[in-house]
Each structure stands twice: as C-alpha cells, then as structure tokens.
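Both ligands and their constituent atoms are indexed starting at 1 by order of listing.
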Amino acid sequence: MTTPFEALREREAKVICKTYGRYPLALDKAQGARLFDLDGKEYVDLLAGLAVVNLGHARADLALVAAEQAQRLVHVSNLFYTEPQVRLAEKLVASCCADKVFFCNSGAEANEAAIKLARRYMRKVRGRDAFKIISLESSFHGRTLGTLGATGQPKFRDGFEPLPAGYVNVPAGDMDAMAKAIDDQCAAVLVEIVQGEGGVNPMTPDYAKGLEKLCRERDALLIVDEIQTGLGRTGKMWAFQHFDMQPDIFTTAKGLANGLPMGAMLATDEVARGFEPGTHATTFGGGPVLAAVACKVLDILEDEQLVRRSAELGARTLARFQGLAAELPEKIVQARGLGLMLAVELAFPAQEVWKQLLELGFVCNVTQERTLRLLPPLVIEEADLIRFAEALRRLLTAN
Ligand SMILES: *Cc1c(COP(=O)(O)O)cnc(C)c1O
C-alpha cells in the first residue's frame with residue numbers, strides 16, 4: 001500500500017525539477033507555530049518557512065487584508081500609482097535610516113537591485129568607474145547569476161560559470177583582508193550581520209563598526225543584506241541596529257509579507273539618485289495585495305511587540321542551549337545566535353539528530369552539515385522551545 005505521502009512523492013518526481021533535496025514530509029496545513037502533514041500529524045515549526053512566516057501561519061487578520069485588497073485591485077503594473085505601495089514604503093523608511101524603497105519579488109532580486117544601484121550611483125552620480133562588489137566567504141546573497149558572485153560559497157556556483165565579473169569574496173571577520181580588497185574600483189561592500197545559510201554566524205561589534213568606518217574612509221558604499229535577519233528576527237527591527245550602523249543600502253524580503261513573495265531594497269536619498277526612470281524595473285514588485293499585507297505585517301510587529309519578544313525569548317532560549325552545550329561539551333561545539341535566529345552546532349554531522357527530531361515532531365533545519373538552525377515564528381510559545389531543548393538533550397545523551 002502506498003501512503004498518500006508516497007503517492008505525492010512519486011508524482012512530484014515525475015514533473016518537478018530536481019533542484020531540492022526535500023524533507024520526507026508533505027504539509028497540508030498550518031496554524032500559528034504548528035504544521036500538519038497529510039496524515040494530520042502535528043509538528044512544532046521551528047523554521048517558519050526559512051524565516052518567512054514570522055507572525056505565524058494562517059492568520060485570519062492577514063488573510064482578511066489580502067482578500068479585501070484582492071477584491072479591490074490586484075495588479076496594474078508600476079506604470080501607475082497605487083496607494084498600498086506608497087503606504088508600505090512610508091512605514092519601512094520610518095523604521096530606519098533609509099529614505100527610498102524599490103519593491104521586488106524576492107531576496108535575490110532585492111540584492112540585484114542593490115548591486116545595480118551601487119554601480120550606477122558610482123558611475124553616473126559620482127563619476128567614478130567603481131563596480132566591484134566585495135562580500136564575505138560563507139555568505140549567502142541569492143542564486144541568480146548576478147548574486148551568485150556575491151554568495152561566497154563555491155558549491156552554489158559549481159557548473160554555472162562564467163558569472164558576471166566584478167565580485168570579490170574575503171574571509172569573514174578579517175578586517176585586514178577587507179581593507180586590502182577595497183580599492184578604487186570597489187563600489188560597495190555587501191554583508192549579512194548574521195550569516196544565515198552560512199551557519200548563523202553573528203558579526204562581532206568591533207568588525208561591524210570597523211567595517212562601516214573602513215567603507216566611509218575608502219568611499220565604498222555599505223550594503224547590508226537583511227533578507228533573513230530583518231523585521232525583528234534578531235531582536236531589533238533591522239540587525240544593523242544592534243551596532244548603530246547606517247548602511248547606504250539594505251535589502252529585505254523573507255518575512256515582509258509573511259509568506260507571500262515580496263522583496264525590497266532601501267537606500268538613502270543620496271544613493272537613490274543612481275536610479276532614474278527607466279533604469280530598473282519589475283512587473284510585479286510592490287503590487288497592491290502584497291503591499292497591503294506587508295503593511296499589516298508591520299502593524300502587527302508593532303502592536304504585538306514582536307521585536308522585543310524576539311530579543312527576550314531568543315536570549316532565554318540561547319541561554320538554555322548554552323546550558324546544554326556546557327552539559328554536553330563532547331556533543332555540542334557551540335550554541336549561538338541573535339534574537340530568534342539560533343543555532344546549535346554539533347560535533348558531528350547533524351543529519352541523524354535532525355531526522356530524529358523530525359520524528360518527534362520538531363521541524364528545524366541543518367546548515368553547513370553540523371549545525372541545527374532554528375528560525376521559529378516570532379509568536380512561538382516558549383513552552384515549544386523548552387520542549388525542543390529537552391528533546392535535543394534526550395537525543396544527544398542517548399546517542
Ligand atoms: C534567503 C536569502 C536570500 C535569497 O532570497 P530569495 O528570496 O531566496 O531569492 C538572500 N540573502 C539572504 C541573507 C537570505 O537569507
């Protein structure tokens with residue numbers, strides 16, 4: 001007898017490109033921080049669809065906003081003014097040091113926009129032929145040909161070369177290497193404050209401040225990729241706010257419309273001069289339904305004080321994981337993170353532990369082979385995180 005899951009897996013294999021190593025799980029519905037598979041089995045969601053569903057699944061308030069806007073105006077293109085897009089941009093710029101927003105449909109597209117803006121600003125506004133984008137090793141900035149050069153992990157480029165020219169990757173945390181790399185041809189430095197896919201590696205405050213200073217001294221733009229870290233994930237609205245940084249450009253996407261595809265690039269007024277009508281565009285970006293939903297997302301973040309919740313609950317959970325690491329030093333190399341962006345790095349490949357956690361009803365993921373990564377919805381109950389920590393302790397002591 002084939003189960004409904006096996007039947008779906010077979011259909012999938014016939015018609016879907018094999019780009020994903022999927023988990024052995026077909027999800028049917030979700031609510032809050034709970035996922036349900038085809039058999040109705042319940043899971044605690046510690047991943048939020050990769051830091052996307054930050055406010056929890058299947059919210060009636062967001063569904064209502066989407067439905068109302070969908071009955072009013074869905075799409076007209078960016079040839080026209082639409083109010084939700086402007087309202088969303090007003091809310092975003094009120095949350096940070098940026099002045100102008102460009103909307104798009106994904107993280108990679110937001111970074112593409114940032115890279116294009118940095119180059120064009122240098123050439124057309126500053127009259128400097130500066131085009132190099134410097135980013136860090138083990139970073140992740142997207143999978144388009146234009147962002148793969150910035151993504152500092154060779155495994156993602158394998159088989160896709162040649163990539164566009166003008167990218168340089170330097171070791172993370174090494175200020176001397178960065179200083180050497182920023183030359184006259186450098187348009188911008190692009191960094192994550194906490195490397196996500198790279199294994200949840202937060203930048204040190206010294207490196208953050210040093211990097212900003214270096215960019216100013218060398219006349220290079222500072223671009224921060226907040227696609228995973230933004231919107232409260234790390235316990236500040238934007239992760240660069242932990243270090244009082246003022247990037248020239250930053251990008252957001254994942255959590256912006258709580259599961260609907262939306263990205264944005266934000267820039268200062270000065271740097272935004274690099275774009276003029278006709279220089280960059282997207283058909284769908286900033287459409288009315290997505291923008292209305294994202295406005296509501298920002299309202300909920302504020303009303304439910306989820307940024308503070310992320311900081312406080314994240315700190316308590318990290319302390320719990322660090323206690324576990326102290327207890328089991330031969331099993332856990334390090335627990336680290338910022339806010340509710342958390343990781344437990346094991347001393348051995350994490351695949352088996354990950355699988356056992358899944359069987360116990362906990363969905364998290366593995367990055368860099370040995371690291372369990374947790375990106376729970378910001379609304380998750382603390383009891384769920386405590387239960388996860390206890391399950392992990394039991395598994396690690398038994399094995
Ligand atoms: C997910 C991610 C991206 C790419 O976003 P997509 O929407 O998948 O294109 C870029 N940068 C960071 C830091 C990310 O976490």
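In this structure the side chain of T282 reaches within 4.5 angstrom of the side chain of F102, judged on heavy atoms.
Contact between E197 and ligand 1 is absent, with no heavy atom of the residue lying under 4.0 Å from the ligand.
No side-chain N or O of N201 forms a donor-acceptor pair with one of S138 less than 3.5 Å apart. Inspection of the S135 and H141 side chains reveals no N or O donor paired with an N or O acceptor under 3.5 Å.
In this pair, F275 and H280 present their aromatic rings parallel. The plane angle is below 30°, not in the 30 to 60° band.
For atom 7 (O) of ligand 1, the closest non-hydrogen atom on the protein side is G107 N, 2.8 Å. The nearest protein atom to atom 11 (N) of ligand 1, hydrogens excluded, is given as D225 OD2, 2.7 Å; this is a heavy-atom distance. Among all protein heavy atoms, the one lying closest to atom 15 (O) of ligand 1 is K254 NZ, 2.6 Å. The protein atom (non-hydrogen) at minimum distance from atom 9 (O) of ligand 1 is A108 N, 2.8 Å.
The shortest non-hydrogen separation linking K236 to Q241 is CE-O, 4.0 Å.
When heavy-atom distances to ligand 1 are checked against a 4.0 Å cut-off, S106 comes that close through both its backbone and its side chain. At a heavy-atom cutoff of 4.0 Å, ligand 1 is contacted by the side chain of E192 but not by its backbone.
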| request: I would like to know whether D225 and F140 meet side chain to side chain contact (heavy atoms under 4.5 Å, CB included); could you show each step before the answer? | output: CA-CA 9 Å; D225 178 340; F140 186 84; over 6 Å; no
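The backbone N or O of A13 sits less than 3.5 Å from a side-chain atom of K18, completing a donor-acceptor pair.
For ligand 1, the atoms lying closer than 4.0 Å to a non-hydrogen atom of Q228 are 15 (O).
Remark: ligand 1 and A253 share no N or O pair separated by less than 3.5 Å (distance only, no angle test).
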